[in-house]
Structure formats: structure tokens, C-alpha cells
Amino acid sequence: AAKTAGKRQWRRYHADLQRGMAERARLQEGLDSSPIESSFMVLYQPIVELASGRIAGFEALVRWPHSTQGMVLPEQFITLAEESGQIVPLGAWVLDQAAAEAVRWEDSVLREGTADHNAPYVSVNVSPRQFRDEGFYHVIRRALELSGVEPSSVVLELTENVLMYNDERILAEMSSLTDLGIRIAIDDFGTGYSSLSYLREFPISILKIDKSFVDELGRSPEQYALVEGITHLANTLGLTVIAEGVEDVRQQESLISMGCPFGQGYLFAEPVGAEEAEHLVLAPPLGQLAGLRGISADR
Ligand code: C2E
Ligand code: MG
Ligand code: MG
Ligand code: MG
């Protein structure tokens, strides 16, 4: 009986595997035949100052609204686009969209903002394949020139695995980017395999603490100490820290008390469309703490 059960299990596993491969092939075909401008969209998720709920920036997050499969999330197609190289033009397009959007935020703050409004920056994810591409520097320069965005309003998010090999070239590449005035963030900090020494060696301005650490915050003193340690390290090195995936007020309060100034997560807002993002720029601060304090702070 055990044998037939095993066989059945294997068959099911095999069927799942084949379905997975077919699904991949279908997505890849869809990707190949999708003109970028008309097939993808960019959402924006607020990055807020934890203590005030004010928006400091937005992260640009790509989406693929698919005719038969609904909204396809990046997890399902970024790897495919990396393998095929399509991430290079797709990433350039996301960057152009994001830069143009940041200019709209600058404009509306200039036009209608009050003294407590700062124009938010835009933070764009860059995959290793994009970063290593020969033309990357020119893609960035072109995006800055076409949009007219303040370079200081643009952040590029790289993951630790970009920093693992070929140090000299990467350092030169990064420096040429930061010389333009843009900033570099390390995304998903703590999940990669690179040594911490790169934090001193490379021109990095921002650390984004991975959501997995924030999730575990309340679970044990050890987990708390881990996030606190990363925060202190960043503060000591003069880096700005952003906590990812903040979902409740207790996490927000813990992060504030350990000295983490910024956060991003469903507690404040999910990724929203460009129009909604423009609206949020001039709207009241986000999050429940801001709501509670806002009443007295407004007077
Ligand atoms: P990431 O850069 O770490 O982005 C954060 C992800 O966490 C986003 O998922 C965001 O929607 C999600 N998130 C934010 N707050 C919360 C929260 O409170 N709870 C939960 N459960 N999730 C939260 P998304 O948009 O699905 O993107 C996934 C990943 O895909 C990104 O991770 C990034 O690595 C990649 N990605 C997204 N857009 C682009 C892009 O334009 N280019 C490249 N190369 N990669 C991208
Ligand atoms: Mg990111
Ligand atoms: Mg991240
Ligand atoms: Mg991530």
C-alpha cells in the first residue's frame, strides 16, 4: 500500500512540475509578445517617516495586468524577464515612468504644498542583470535628462547579491551613479550572502531592512535585538534605515523606539496607482499613530 501511495504522490508531484513548467512557458511567451508601454504598469508604495506618518518617498513596483491571468506579480515574471534579458528594456521603462511621476510630485508640492510638504523621492528596483548591463549608466542619465527630475529625488534599490562579485567594476559603476546625485539603497538587507564590509566600501545611502525581520519583531527578544542591531549599525555608519513590510502599530512603535526613522508597509498604504499616489502627496499623514496625533498637531 505504501508503494502505491508513494507512486501516487510521485505522479502528483510530476503533474505539478509539468503544470509549473507549462505555466512558465506560457508566461514567457506572453512576456515576449507584450509591448512594454501598453502591457505593464507601475504602482507606487509610500515610504513614510514612522514618527509622523509623512510621506518621504515612494517605491515604484511594476505590475503586469494580464488578459487571462489577472494582475501578475513581479515574483512571477521578474526572474523570467531576467533570464530572457527583457528586464533591461522593462527596467528602463519603469525608471522613465517613475522619474516622470516624481516630477509631478515636485510640481504639485510647489504649486499646492504647505510648508510641511516635501517633494517625495522615487525609489526604483534594479535587478542584477540590469545593473551589470553595459548601457545602464546611460539609461539612468537619459531618464534624468528626459524627465528633468532632481537627481537627489531618485533612489536605486540594489540587492546584496549585486555586490558579491567583481568589486572594482561595481564600485566604479556605483560611484559614477552617485556622482550624478542619485542615491543607492540596499534592498532586502540581511537576506543576502555578502560580507558587511561592502557597507563601508560602496557609496550606499540607505538600508532597507527586509520584511522577514520586521515580521518577527514581536516574536522574541532575539528577533527584536536583530532589528535593533541592524538599525544601530546603519545609524552609526550614517545610513538611512527603512523597515519594509510594517503591518501593525506595535511594529511601528518598536521601530520608532529603536531609532528606525522610516518604514513602508500595508499599515500605511499598499502600492497604489499613479493618480492615487499624486493624491497622497498632499493628503494628511498616513497610519494610525499619525491619526491619533494629528488632531492635536494640526492646532
Ligand atoms: P521589494 O523591492 O522588496 O518590494 C517590496 C515588496 O513587498 C512589494 O511586493 C510590496 O508590494 C510588498 N509589500 C510592501 N509592504 C508590505 C506589507 O506590509 N506586507 C506584505 N505582505 N507585503 C508588502 P511586489 O510589488 O510584489 O514586488 C516584489 C518584488 O519584485 C520586489 O521586492 C522587487 O524585488 C521586485 N520588483 C518589483 N518591481 C520591480 C521592478 O520594477 N524592477 C525590478 N527589477 N524588480 C522589481
Ligand atoms: Mg525594493
Ligand atoms: Mg525589499
Ligand atoms: Mg523583496
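In listed order, ligands and their atoms are each counted from 1. Keep in mind that the numbers below use all heavy atoms, side chains included, and drop hydrogens, waters and symmetry copies. Predicted, not measured: the structure shown is a model, and the values here were computed from it.
Using a 4.0 angstrom heavy-atom cutoff, Arg63 counts as in contact with ligand 1. Residue Val246 places a heavy atom less than 4.0 Å from ligand 1. Contact annotation: Lys208 has no heavy atom less than 4.0 Å from any atom of ligand 1.
When you scan the N, O or S atoms of Glu157 for the one nearest the Mg ion (ligand 2), you land on OE1.
Listed for the Gln223 side chain is no donor-acceptor partner under 3.5 Å among the backbone atoms of Phe213.
Checking Glu244, Met71, Glu75 against atom 5 (C) of ligand 1, the nearest heavy atom belongs to Glu244. Closest to atom 15 (N) of ligand 1 by heavy atom, among Gln251, Glu247, Gln45, Gln76, is Gln45. Among Phe268, Tyr266, Trp93, the residue whose heavy atom sits closest to atom 22 (N) of ligand 1 is Tyr266. When the options Asp188, Leu267, Asn125, Asp210 are ranked by their closest heavy atom to atom 46 (C) of ligand 1, first place goes to Asn125.
The backbone and the side chain of Val62 each have at least one atom closer than 4.0 Å to an atom of ligand 1 (non-hydrogen atoms only). With a heavy-atom cut-off of 4.0 Å, Pro271 touches ligand 1 through its side chain alone. Neither the backbone nor the side chain of Glu270 has a heavy atom within less than 4.0 Å of ligand 1. Neither the backbone nor the side chain of Val124 has any atom closer than 4.0 Å to an atom of ligand 1 (non-hydrogen atoms only).
Classification of the Trp64-His66 ring pair by plane angle, with boundaries at 30° and 60°, yields perpendicular. Between Phe77 and Phe40, the ring-plane angle classifies as tilted under the 30° and 60° cut-offs. Under the 30°/60° scheme for interplanar angles, the aromatic rings of Trp105 and Tyr44 are found to stand perpendicular.
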Apply salt bridge (Lys or Arg N to Asp or Glu O under 4.0 Å) to Glu145 and Arg142, showing your working. CA-CA 5 Å; Glu145 276 160 22; Arg142 209 198 43 140; over 6 Å; no

Just do the salt bridge (Lys or Arg N to Asp or Glu O under 4.0 Å) check on Arg250 and Glu253 with the steps written out, would you? CA-CA 5 Å; Arg250 287 184 52 191; Glu253 283 177 327; over 6 Å; no

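Residue contact check: Ile78 has heavy atoms under 4.0 Å from atoms 43 (C), 45 (N), 46 (C) of ligand 1. Residue Val94 approaches ligand 1 through these ligand atoms, each under 4.0 Å from one of its heavy atoms: 41 (O). Residue Pro74 approaches ligand 1 through these ligand atoms, each under 4.0 Å from one of its heavy atoms: 24 (P), 25 (O), 26 (O), 27 (O), 28 (C), 30 (O), 36 (N), 37 (C). Listed by number with element, the atoms of ligand 1 under 4.0 angstrom from any heavy atom of Gln130 are 44 (N).
Inter-residue side-chain proximity for Glu247 and Val214 is flagged as unmet; no heavy-atom pair is nearer than 4.5 Å.
Here the options are Val246, Leu50, Leu217, the test is side-chain contact (heavy atoms from CB on, under 4.5 Å), and the partner is Ser254; only Leu217 passes.
Here the straight-line distance linking atom CG of Asn125 with atom OG1 of Thr159 works out to 9.0 Å at 0.5 Å rounding. With rounding to the nearest 0.5 Å, the separation of CD in Gln45 from CG in Leu61 is 6.5 Å.
Put simply, Asn125 gets within reach of the Mg ion (ligand 2), with an N, O or S atom under 2.8 Å from it. Residue Glu244: no N/O/S atom is found under 2.8 Å from the Mg ion (ligand 2).
Across all their heavy atoms, Leu207 and Ala234 have their closest contact at CD1-CB, 3.9 Å.
Rounded to 10 degrees, the OE2-metal-OD2 angle spanning Glu59 and Asp187 at the Mg ion (ligand 2) equals 170°.
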